[in-house]
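To start, the structure itself, in structure tokens.
Sequence lines set the chain letters: A, B, ... in the order given, protein chains first and strands last, and positions in each chain run from 1.
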Amino acid sequence: MTQHHQPDSESADGRIKKPRHKKYQNQSYGERLAADATYDAPREDPKPVVREDSKPVVKGYRAEQARPDRSRDDRPVRSDDRSSDERPRYERTERPYAGNARDDRPAFRRDDRPQQNRGDRPYARTERDGKQYPRAAERTDRPQYRRDDRPQGDRTERPRFNRDDRTDRPQYRQDDRGPRSDDRSSYRRDDKPFVRRPSQEERRGEPIRREEPVIDLGTVADDNQFAALGIAPRLVQRLARDGITAPFPIQTATIPDALAGRDVLGRGQTGSGKTLGFGLPTLMRLSGGHTESRRPRGMILVPTRELAMQVHDALEPLAHVMNVSLKLIAGGLPYPKQIESLRRGVDLLIATPGRLIDLCEQGAADLGAVEVAVLDEADHMCDMGFMPAVTTLLDMTPPEGQRLLFSATLDNDVDKIVKTYLKDPVQHSTESGQATVSTMEHHLLVIEPAHKQSLTAELASRDGRTIVFVRTKLGADRIATQLRDRGVMAAALHGGLTQGMRNKTLDQFKDGSVPVLVATDVAARGIHVDDVGLVVQADPPAEHKDYLHRAGRTARAGGKGAVVTLLLPHQRRGMIRMAESAGVKAEPVRARPGDELVTELTGGTKPSGYPVKLPAPKPQRFSKGGGGKRFGSGRPGRGDNRGSSGPRRSNGGPRRTDGKSYQH
DNA sequence: CACGTCT
């Protein structure tokens with residue numbers, strides 16, 4: 001009775017053996033991503049949605065490719081009269097904001113074009129008298145903005161970001177990647193796995209490069225308490241340079257034990273300085289040792305990509321002075337760099353579980369040499385969804401290695417990990433009262449469903465940064481849209497977005513161009529943004545820990561902050577219990593838009609009511625070989641197909657529902 | 001049930 005033969009369909013009896021990545025075999029969007037990833041094949045790209053009257057998504061020749069058949073001369077004349085005969089023969093849609101009057105905006109010229117080509121004559125013209133346009137005719141099938149100094153013949157076949165020097169130096173063609181932007185520890189880029197060419201530092205002898213400047217400003221007070229804890233002078237100096245001279249309580253508590261090589265269980269809310277608490281001892285331990293190819297000696301696991309980046313960025317300068325190499329291993333980022341880093345040998349990984357497991361399965365990483373394993377946000381890492389991945393990874397590390405586990409709370413699941421993987425751990429807790437700091441006020445507002453939108457908008461329209469937490473990804477998109485429609489500049493942040501979008505949004509929130517972040521719990525933990533004055537929980541948290549974590553985004557570093565939780569009548573009771581568990585003292589009060597309490601919280605500002613649009617992203621730095629981030633991960637559907645309740649590959653529906661489906 | 005975490 002063979003029922004079907006689709007290799008990738010769920011077998012009814014579940015007995016068909018599938019290869020490793022069975023879960024993803026039926027993903028059509030995997031193919032799409034793969035297609036997206038090949039930026040060097042722009043001509044086949046079917047979709048460049050280049051609307052002629054709007055900002056083009058892609059630059060230059062892609063716009064041309066989109067309309068290959070249209071010769072320049074018969075192209076419709078644009079409404080502005082400049083496209084008459086002394087103008088270029090083709091539209092300049094590839095320029096940013098091409099829909100605007102172009103002539104008075106010379107600033108958008110691309111720098112890499114010789115200026116003399118641009119001014120008053122159509123640059124594609126080869127004959128000054130305007131009789132012939134042979135080059136213009138050629139251009140229909142290739143980039144307009146050709147660099148004049150490059151051979152023309154190559155261009156159509158070559159990816160746009162190719163390095164120029166490759167034409168000159170074919171002998172270096174072993175690989176196509178450009179220079180690594182993220183790792184300066186070595187310059188080699190070949191494929192021979194067994195030759196470890198010495199890094200520049202090594203060739204010169206001792207690590208000279210970064211040490212000297214540190215010594216320069218080595219004004220470390222005698223009573224520096226980091227030094228007293230046993231931190232290496234170089235690290236102390238580097239910290240002092242950033243004004244970090246006094247350890248936080250959790251650091252004082254955990255560092256000595258961690259340095260002594262013991263397993264440590266540190267309990268403290270995010271923002272209490274945990275990163276340095278485990279970071280410094282880890283760096284000390286890894287410093288000076290030898291790391292083999294693909295066998296890192298340290299591993300820091302964190303639950304979200306943003307957090308991974310944050311930890312990575314915080315430790316990077318410190319790692320540098322200790323001559324420790326580190327690498328961010330997380331989803332949504334290109335594989336090749338991560339694999340290459342591992343191959344070359346990297347001391348310390350800062351990783352999200354999924355990608356690291358994947359790399360281990362691929363053989364790109366081997367955790368058998370991990371001397372220090374750190375679990376950050378362990379209480380989150382140990383919940384139902386993460387636990388299997390975490391144990392998988394920890395199982396791959398040698399049991400005699402040191403384990404540092406930092407967590408906000410110590411519930412059952414964390415306890416399980418502690419019992420299984422930590423030996424004789426020392427436990428240190430700092431005041432867990434962090435969440436209820438006196439500078440933070442809590443408000444529980446019981447509202448009518450019909451008022452939720454307007455109340456949210458009113459609260460979010462205050463001056464200063466605000467984070468609005470919601471329960472679902474779709475909800476985040478929807479509320480962000482609603483807020484913008486009401487005149488509040490807000491952007492959504494959730495795991496269903498491209499990593500590029502996540503980064504962009506977070507950047508804009510940090511730099512202030514988008515003051516309101518509408519986020520799922522992806523932003524609940526660890527994300528540090530200064531001066532978030534208000535946290536609005538448009539949906540109440542699922543549990544008390546989430547309340548504390550969400551609340552912890554405000555009133556950081558001694559600042560003031562408020563947490564407002566909107567409750568529908570039926571959520572009132574649950575919230576009261578949650579507040580008790582969280583140690584939050586607040587009484588639910590009824591509220592409606594315009595109430596005194598609300599205006600007090602907002603300072604009286606109201607939404608303008610006029611729709612606003614998200615600002616364009618800041619001009620990107622060079623997107624090196626990456627060509628842009630992709631890898632949506634935007635799959636709303638499961639991910640883990642436990643439950644096995646049949647082959648309901650529900651497809652999850654479209655990712656972006658365009659708001660408006662509501663209507664109170 | 002939702003969230004997060006590999007493509």
Rounded to the Å, how far apart are R471(A) CZ and dA2(B) C1'? 6 Å
Is T352(A) near enough to dG4(B) that one of its side-chain N or O atoms lies under 4.0 angstrom from OP1 or OP2? no
To the nearest Å, how far apart are I350(A) CD1 and dT5(B) P? 16 Å
Roughly, in whole Å, what's the span from CD in E377(A) to C1' in dT5(B)? 15 Å
Rounding to a whole Å, what distance do you find between Q571(A):CD and dA2(B):C1'? 14 Å
Using whole Å, report how far CG of L375(A) lies from C1' of dT5(B). 14 Å
Contacts of E580(A) meeting side-chain hydrogen bond (donor to acceptor under 3.5 Å, both in side chains) (sequence neighbours excluded), chain-then-number -> none
Nearest whole Å is fine: how far is dC3(B) C1' from D521(A) CG? 6 Å
Kindly say if R525(A) contacts the phosphate of dG4(B), meaning a side-chain N or O under 4.0 Å from OP1 or OP2. no
Spacing between I357(A) atom CD1 and dC6(B) atom C1', to the nearest angstrom: 9 Å
H494(A) side chain, from C-beta outward: closest of dG4(B), dA2(B), dC6(B): dG4(B)
Heavy atoms of T254(A) and G266(A) approach each other most closely as CG2-CA, 4.3 Å
Candidate nucleotides dG4(B), dC6(B), dC3(B), ranked by approach to the side chain of R502(A) - the nearest: dG4(B)
Closest to the F386(A) side chain, choosing from dC3(B), dG4(B), dC6(B): dG4(B)
What closest approach, in Å, do D413(A) and D383(A) show between heavy atoms, and which atom pair accounts for it? OD2-CA, 4.0 Å
Value in whole Å for how far the P atom of dC3(B) lies from CD of Q537(A): 16 Å
Apply side chain to side chain contact (heavy atoms under 4.5 Å, CB included) to A308(A) and list each qualifying residue two or more places apart in sequence or on a separate chain. V302(A), L328(A), I350(A), T352(A)
